[in-house]
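Below you'll find the structure, written out as structure tokens, and then a few comments.
Throughout, protein chains are lettered first and strands after them, A, B, ... in sequence-line order, and every chain is numbered starting at 1.
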2 protein chains.
Amino acid sequence: MSETRPYNPYVSIDCVVFGFDGKNLKVLLIKRHIDENTGEYNDVKLPGSIIYMDEDLDEAATRVLAELTGLKNIPLSQFYSFGNPLRTSNPRDILWLERTMKTKIERIVTIGYVALIKINRKITLNSKNTSAEWYDVDEVQNMNLAMDHNLIVQKGLDHIKHWLTVEPHMMFKLLPHKFTLSQLRLLYDEINRKKSDVRNFQKKINQWHNLVVLDEFEKGVPHRAGRLYKYQKK
Amino acid sequence: MSETRPYNPYVSIDCVVFGFDGKNLKVLLIKRHIDENTGEYNDVKLPGSIIYMDEDLDEAATRVLAELTGLKNIPLSQFYSFGNPLRTSNPRDILWLERTMKTKIERIVTIGYVALIKINRKITLNSKNTSAEWYDVDEVQNMNLAMDHNLIVQKGLDHIKHWLTVEPHMMFKLLPHKFTLSQLRLLYDEINRKKSDVRNFQKKINQWHNLVVLDEFEKGVPHRAGRLYKYQKK
DNA sequence: GCAAAAGTGTTGAAGCTACACCCATGC
DNA sequence: GCATGGGTGTAGCTTCAACACTTTTGC
């Protein structure tokens, strides 16, 4: 983070960070303020930034996420790269980029990374002018994100949906340490965009051998309390 | 392709083009000659090049492949991006890149694309100093390709292996117009790196409904001739 | 006639889907 | 006591793996 480390103004990282609030899948977005002398403009974008000249992509993703949100030790997975030359051609985007990066921007190819975190992780911001918030993934589809970030979120979603079949354990990263089977199923259904049969779902996950049954139950619910489970890495 | 169209020397495309000769999976590589005054050096690399400043990635992939091999109308799929800052740090690579691109090279992030073609397609080269050849994928693992191209080939392989389950029809792009079920099975097994049971395999592919049985048989084989099939898009 | 690959069915195991009722809790 | 979601088993169907012998052809 030294001030003299040169940027590569042609390549950036964008992080699609997903969370789950027990009901909806959420994505972490950062509010962006543009003062177009002074047309004023507020919108919302993915946490992302250009990379340093001598920086590996995975490394850059980790750094960018930490710098913009304070989130550390988050495994990030590259999923797709976006290089439409018009993706940063909106004057608003150019203005914002050049002010923020303090460098001339021509055209940026961005590498998309995806991460799954527990939604109650503390987010800290590096600037008073910004704020990060969780947005419903469904809402985001109808919002107008900065640059091509709608597309990036969509591709990120496709990517984690694909994980459901290939590595379903990734879901546990989105759940609290202790969770009920309903929470697990709702999350699964939310990502998969279809309702599972309750009994069949429980049969399926009982074969995963990574769930530990706890002697605890959820509290304060206006119905029979669900049993709590935790995930145990094998 | 005008001479004045400026390059973006920070982003490149590399194409992993696969073919199948009836027995082995092959990858298309380009011989590269370096004269290091005159240490002489010959090695082999993927068809790839830096992109133009105003060019979309998919567009660049199509152009680069056409320019370097004459292959047109080839669907290319992006599969992964490679950005280790040391990937082009070998002096040999720098020398070659700067001579070929006629521009100063600092560090290149490359976007990997994969394509599947029939192995008898005509390859034409744009220069007398280069030549393109098909290499056994297995051999390539033990060769020392330029830059990080061994890694890129490996990731490309993983990608098409994954296609077997998700979109198995892609295999037909690698086969001749008319083919036997053995050829199809050998290709499947080659990509999947395991032997299928003959009968089970035929049952599986009979459910695809994209195979048309022909009234023709292969010729000149020293055993019972296999029936020919063709692929019919639905 | 022999070497080499083509072609062809059945069985058992595992996994997937569909489906309905009683239970515990908060209000 | 009622509304809400928790928790539980079975039966039919589909899918997948394992397995061996006869046919055709070139030489």
Side-chain angles (χ1 to χ4, degrees), chain A residues 20-24 161-162 164-169 171 175-176 178-231, chain B residues 20-24 161-162 164-169 171 175-176 178-231:
Chain A
F20 181 63
D21 67 358
K23 190 140 182 287
N24 292 301
K161 178 169 176 179
H162 173 70
L164 277 192
T165 45
V166 175
E167 27 187 340
H169 300 329
M171 274 199 295
L175 290 170
K178 299 172 181 180
F179 50 86
T180 64
L181 292 186
S182 293
Q183 284 176 296
L184 181 57
R185 179 170 42 78
L186 286 171
L187 170 57
Y188 188 95
D189 291 355
E190 180 79 4
I191 299 176
N192 204 33
R193 304 212 151 265
K194 76 189 266 261
K195 269 208 162 52
S196 312
D197 178 272
V198 180
R199 281 179 283 195
N200 292 335
F201 182 78
Q202 302 208 1
K203 258 180 290 178
K204 171 166 40 189
I205 58 134
N206 278 329
Q207 292 168 166
W208 289 353
H209 300 304
N210 290 283
L211 283 184
V212 180
V213 188
L214 300 175
D215 271 333
E216 294 175 63
F217 295 82
E218 61 182 338
K219 282 178 188 141
V221 286
H223 54 77
R224 177 172 172 183
R227 185 181 281 276
L228 293 175
Y229 290 74
K230 68 176 184 178
Y231 173 64
Chain B
F20 181 62
D21 67 359
K23 190 140 182 286
N24 292 301
K161 179 171 175 177
H162 173 70
L164 278 193
T165 46
V166 175
E167 28 187 339
H169 301 328
M171 274 199 294
L175 289 169
K178 300 174 181 180
F179 50 86
T180 64
L181 292 186
S182 292
Q183 284 176 298
L184 181 58
R185 179 170 42 80
L186 286 171
L187 170 58
Y188 189 95
D189 290 356
E190 181 77 5
I191 299 175
N192 204 32
R193 302 213 152 268
K194 77 189 266 261
K195 269 206 162 56
S196 312
D197 177 273
V198 180
R199 281 178 284 190
N200 292 336
F201 182 78
Q202 302 209 1
K203 256 180 291 178
K204 171 167 39 191
I205 58 132
N206 278 330
Q207 293 170 165
W208 289 354
H209 300 302
N210 290 284
L211 284 183
V212 179
V213 188
L214 301 176
D215 271 335
E216 294 175 62
F217 294 82
E218 60 182 338
K219 284 180 185 138
V221 285
H223 55 76
R224 178 173 172 182
R227 185 180 279 277
L228 292 175
Y229 290 74
K230 68 176 183 178
Y231 173 65

Any sub-3.5 Å donor-acceptor pair from [X]'s side-chain atoms to [Y]'s backbone N or O?
| X | Y | result |
| --- | --- | --- |
| A/Gln183 | A/Thr180 | yes |
| A/Asn210 | A/Tyr231 | no |
| B/Glu190 | B/Asn24 | no |
| B/Asn192 | B/Lys194 | no |

Any idea which of [options] is nearest the [X] side chain?
| X | options | value |
| --- | --- | --- |
| A/Val198 | D/dT8, C/dG9, C/dA6 | D/dT8 |
| B/Arg224 | C/dA5, D/dT8, C/dC19 | C/dA5 |
| B/Asn200 | C/dC19, D/dC19, D/dT25 | D/dC19 |

Quickly work out the [X] [atom1] to [N] [atom2] distance and round it to whole Å.
| X | N | atom1 | atom2 | result |
| --- | --- | --- | --- | --- |
| B/Asp197 | C/dT8 | CG | P | 14 Å |
| A/Arg185 | D/dG5 | CZ | P | 11 Å |
| A/His223 | C/dC27 | NE2 | P | 11 Å |
| B/Lys195 | D/dC19 | NZ | P | 16 Å |
| B/Phe201 | D/dA17 | CZ | P | 13 Å |
| B/Phe217 | C/dA6 | CZ | P | 13 Å |
| B/Phe179 | C/dA6 | CZ | P | 14 Å |
| A/Ile205 | C/dC16 | CD1 | P | 14 Å |

message = Is there, by distance only and without an angle test, a donor paired with an acceptor across the side chain of B/Lys203 and the base of C/dT10 below 3.5 Å?
response = yes
task = Confirm from the modelled atom types if A/Arg199 and C/dA20 form a donor-acceptor pair under 3.5 Å, side chain to base only.
result =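 Answer is yes: a donor-acceptor pair is held.
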key: N or O in side chain of B/Ser182 less than 4.0 angstrom from C/dA5 OP1/OP2   =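 Answer is no, no contact under 4.0 Å.
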ask   = For A/Lys203 and A/Asn206, does a side-chain donor sit closer than 3.5 Å to a side-chain acceptor?
value =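 Short answer, no.
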